[in-house]
Amino acid sequence: MGLTLVTGEPLRESQQDPKKEDEMPPISRGFRGRHRDDASSDRVPPGQYVTEDFPVLSAGPTPHTRLEQWDFSITGEVDNPHRWSWEEFRALPTEAVTVDIHCVTKWSKLDSVWEGVSVDTLLEGIETSGEYALPFCDGGYTTNLPLEDLTGGKAWVAFAYDGEPLEPEHGGPARLLVPHLYFWKSAKWVRGMRLAVTNEPGFWETNGYHIYGDPWKEQRYWGD
Amino acid sequence: MEGAAVLGRLNWLEAEVVEIRPETSQTKTIGFEVPGWPGHRAGQHVDVRLTAEDGYQAERTYSIASAVDDSRIELTVERLDDGEVSPYLTDELRPGDTIELRGPVGGYFVWDPHAQGTVFLVGGGSGVVPLMAMARQRAAEGSKIPTRLLYSARTWDDVIYRDELTRLAAGDAGLDLVYTLTRAQPPGWEGYGRRVDLELLAEVAPAPAVLAVAFVCGPTPFVEAVASGLVQLGHVPARVKTERFGPTGG
């Protein structure tokens, strides 16, 4: 990237960016855009736009796992791995949540309505020295998150959307729901998570996308 | 940029419009000169940012249509009538204008010059764009990788890159073109005339034993039908790579 190191000075982030963040970008001649109303603008992270649809994104074919073959497990840095069958999972206390979701491909959807089991509930009584979670899924998808982003009422394993069972193309029978991070962290077709001491990049995180993915800091890609 | 190793941040780059070509009634190809463009792999996309005079900005993601070509890249944009960005790009933009681009993005849905076996490209509508980048990259490399493109469009006039595809396939025994026109077919049409279904896929898709990888791109129902069809036909899910083009927001 053509970096010039200033003598003796450690390289700072700002020096890598030839254009300062506060510099006015070039005006796109004739572009006015569709301005957001004030009510929702503080709920839409930078670079996002609001959609009423629910677009589908996935890297491969949609898996169709039968419920009797479905289970959810917590493995890795735990004393005893935990496993729930679908029936056992559905017998856990559930929560209904209404949240805004933000996809790295720029769309945001406000007030999406989900039902799921809080990750706090799943982790209850589990002792771990791990500080990171690597959710894994049917189809081989993985993603990575700090465990603290999954606890404290911030994340769910969701099985219903808008009052209906979650459709396979949207991640059914169950997907992770971590609305405060870009939506690729909300892994579809989730089957469990491995707890780990180190932060190992998952699928998109090894394919150019940010290791953490905070939409409010616009952490879309490597180096953001 | 083999391996898509990106060091540091992907910066917003100024991109000057150097060419605009109509492709179909709804799509245009826009060529940009992008000083500092780090290069890309066929199949990757790029973020586009527009800035209004009052500072308001809008961003969208578009697939790159062109093969690697120094600091020049081309995007093919479908005009969505109720879109915020695409009508600006297709109707308002003129050569000499400058917008901002950031990329390339995505390291998964990309052409692999070392693929072993037959590559199957399946595009629905403007989902053909990243596949065209692959076909162009393949041609530019003089690659012999057997490649079949199944392209579903509504009508013959909706086929993007029609002449170039015909030209590419005519000079290259390794590139097969199969069209299906779902809404209307010209007189004497000998290709398929329906939506891609299992039977059509069974006839057109390479056998599982020879398939290197399938790249499927289009609207969600199209991608769902093709990707699950390929799995039903015995293809390994890990060899079916998908990308969606929603008519959302645009």
Side-chain angles (χ1 to χ4, degrees), chain A residues 1-3 11 13 15-19 21 23-36 41 46-64 103-109 138-140 168-170 203-204 206-209 218 220-224, chain B residues 4-14 36 38 44-45 47 49-61 84-85 88 92-94 97-100 102-109 216 220 223-224 226-231 235 237-244 246-249:
Chain A
M1 294 219 130
L3 299 175
L11 190 66
E13 189 105 330
Q15 289 173 298
Q16 294 181 27
D17 192 340
K19 194 188 290 178
E21 288 300 327
E23 192 177 304
M24 186 65 187
I27 302 299
S28 316
R29 182 195 54 77
F31 177 68
R32 282 176 300 280
R34 191 180 289 158
H35 292 235
R36 297 170 190 136
S41 59
Q48 298 290 110
Y49 64 90
V50 174
T51 180
E52 300 296 321
D53 297 340
F54 192 175
V56 169
L57 285 122
S58 46
T62 296
H64 295 267
C103 179
V104 72
T105 63
K106 316 280 185 193
W107 57 264
S108 290
K109 189 169 177 56
D138 284 322
E169 65 191 54
H170 287 303
F203 178 84
W204 286 119
T206 53
N207 278 292
Y209 289 81
E218 225 178 332
R220 298 179 191 275
Y221 314 123
W222 291 349
D224 277 354
Chain B
V6 179
L7 300 171
R9 189 170 191 274
L10 288 173
N11 294 310
W12 287 104
L13 299 171
E14 295 194 10
Q44 288 188 298
H45 37 90
D47 285 359
R49 181 164 78 177
L50 304 178
T51 304
E53 274 184 30
D54 62 0
Y56 171 84
Q57 295 185 319
E59 294 181 23
R60 294 293 187 277
T61 298
E84 180 185 28
V85 170
Y88 174 82
E92 184 68 35
L93 216 51
R94 300 284 176 271
D97 285 345
T98 296
I99 64 167
E100 288 180 293
R102 190 159 97 98
V105 176
Y108 176 72
F109 195 90
V216 185
T220 287
V223 171
E224 286 294 316
V226 173
S228 20
L230 289 172
V231 172
H235 291 278
R239 289 198 191 160
V240 179
K241 301 189 175 192
T242 62
E243 183 124 291
R244 326 273 177 147
T248 298

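- A donor-acceptor pair under 3.5 Å links the side-chain atoms of B:Glu84 to the main chain of A:Arg34, judged by distance alone.
- Side-chain contact between A:Met24 and B:Thr51 is present, with at least one heavy-atom pair separated by less than 4.5 Å.
- Interface check for chain B: of the options A:Pro63, A:Ser28, A:Gly139, the most heavy-atom pairs under 4.5 Å are formed by A:Ser28.
- Across B:Ala52 and A:Arg32, no two heavy atoms sit closer than the pair CB-O, 3.6 Å.
- Contacts between B:Arg102 and chain A at a heavy-atom distance below 4.5 Å involve the side chain alone, from C-beta outward.
- In this structure, the portion of B:Glu224 lying under 4.5 Å from any heavy atom of chain A is its side chain and not its backbone.
- With values rounded to the nearest 0.5 angstrom, A:Ile27 atom CD1 is found 8.0 Å from B:Asp54 atom CG.
- Among all heavy-atom pairs drawn from B:Arg49 and A:Pro25, the shortest one is NH2-CB, 4.1 Å.
- Taking the six-membered ring for Trp and thresholds of 30 and 60 degrees, B:Tyr108 and A:Phe203 have ring planes more than 60 degrees apart, a perpendicular arrangement.
- Heavy atoms closer than 4.5 Å to chain A are found in the side chain of B:Val231, but not in its backbone.
- Residues B:Arg244 and A:Glu169 form no side-chain contact, since every pair of their non-hydrogen atoms from C-beta on lies 4.5 Å or further apart.
- Smallest separation of non-hydrogen atoms from B:Thr61 and A:Thr105: OG1-O, 4.2 Å.
- Atom OG1 of B:Thr242 sits about 8.5 Å away from atom CG of A:Leu57, to the nearest 0.5 Å.
- Put simply, the side chain of A:Tyr221 never gets that close to the backbone of B:Gly106: no donor and acceptor are under 3.5 Å apart.
- Options B:Glu53, B:Lys241, B:His45 differ in how many heavy-atom pairs under 4.5 Å they form with chain A, and the most are formed by B:Glu53.
- In terms of heavy atoms, B:Arg9 sits closest to A:Gly223 at CB-O, 3.6 Å.
- When each of B:Ile99, B:Thr98, B:Val105 is checked for heavy-atom pairs under 4.5 Å with chain A, B:Val105 comes out on top.
- Of the listed residues (A:Ser58, A:Pro168, A:Gly140), the greatest number of heavy-atom pairs within a distance under 4.5 Å of chain B belongs to A:Ser58.
- Between A:Lys106 and B:Glu59 the shortest heavy-atom distance is NZ-OE1, 2.5 Å.
- Of all heavy-atom pairs spanning B:Pro237 and A:Pro61, the tightest one is O-CD, 3.4 Å.
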